[in-house]
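Have a look at the structure below, then the notes.
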Amino acid sequence: MKHPTTDVLISEVGPRDGLQSVKATMPTAAKLRWIDALVAAGLREIEVGSFVPPRLLPQMADAAEVVRHALTHPGVTVMALVPNLRGAEAALAAGVHKLTLPVSASHAHSLANVRKTPDEMVAELARICRLRDERAPEVKIEAGISTAFGCTIQGVVEEDEVIRIAVACAEGGADDVGLSDSTGMGNPAQVRRLFRRLRAAIGAKAGAAHMHNTRGLGLANCLAAWDVGVRTFDSSQGGLGGCPYAPGASGNVVTEDLVFMFEAMGLRTGVDLERLFAARAVLQAGLPGEAVYGMTPEAGLPKGWTQTRVPAAPGPTL
Ligand code: ZN
């Protein structure tokens, strides 16, 4: 659901990717306040949680409640991550607009993470798509090809394998297929090459760039993806989640910096930076003591900054 007056869709993944990567559990009421503040800042697609067993990820135990709250904001695409059919059933019952399923291109990572080979995950995706067709045909399904740019376990991930898995996901019924640099190993040349190949292979089903900033290349990789036609970008407010192996490095690309980059280039994101900074304060209040990242919020907006304003979207304001 791209906002008609924007050039870029920023898909905020902090409430899922960020919160599941930190040890502390944000109280449900604080999550709801944060989501409200993100909506007020203009974000129109938010990954609000994941449907996984609470014993594995207690931070996500309230996913259904968070989804139900997020659904009260008109015009916002409410997404959730599901690792399997069971998670998909729960997410569909909660009423999500869009499901995202991580499918690892690295055999070793896939086995370690979900105890399934990449091809077994593709088969799971096809089952989820059939369930969707029966129960909620309006719901969109995204496959996120994780470790697409490298894997911390197996190292190099063959590009042919990434494309093969992406094509299998598209054929299995996914509406779009994005590429994730889950380990922050990608570089701009690789990003250009792989997204070009992805588009050549699956056309309009080529989806989002999900970049991590582990080695400081998150924004450069997003810009490289933009250059070859990617228009949806996942990012996380405050780069929440960090990286235990790279102290000082944020996890996901920082939403504040990504919005600043595109807006400074004259590309409309629909996100108001000052309200986004206000949402950052709400996040910090909900997770006291947790490290948040981002250069733009630290430095502030440049003198004379004027942002292209988009018409106020529906939903509550701060
Ligand atoms: Zn991620």
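One-based numbering, in listed order, for ligands and for the atoms of each. Every heavy atom of this structure was used, including side-chain atoms; hydrogens, water molecules and symmetry mates were not.
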Do other residues, nucleotides or ligands put more than 12 heavy atoms under 6.0 Å from R86 CZ?
no
Take a 6.0 Å sphere around CE of M265 and say whether it holds more than 12 heavy atoms from other residues, nucleotides or ligands.
yes
Residues [X] and [Y]: side-chain donor-acceptor under 3.5 angstrom:
X	Y	answer
E256	Q237	yes
Q20	S50	yes
H212	D181	no

Return the set of protein N, O or S atoms whose distance to the Zn ion (ligand 1) is under 2.8 Å, each given as residue and atom.
D17 OD2, H210 NE2, H212 NE2
Yes or no on side-chain hydrogen bond (donor to acceptor under 3.5 Å, both in side chains) for H109 and S104, after CA distance, side-chain angles and deciding distance?
CA-CA 7 Å; H109 179 265; S104 188; 2.8 Å; yes
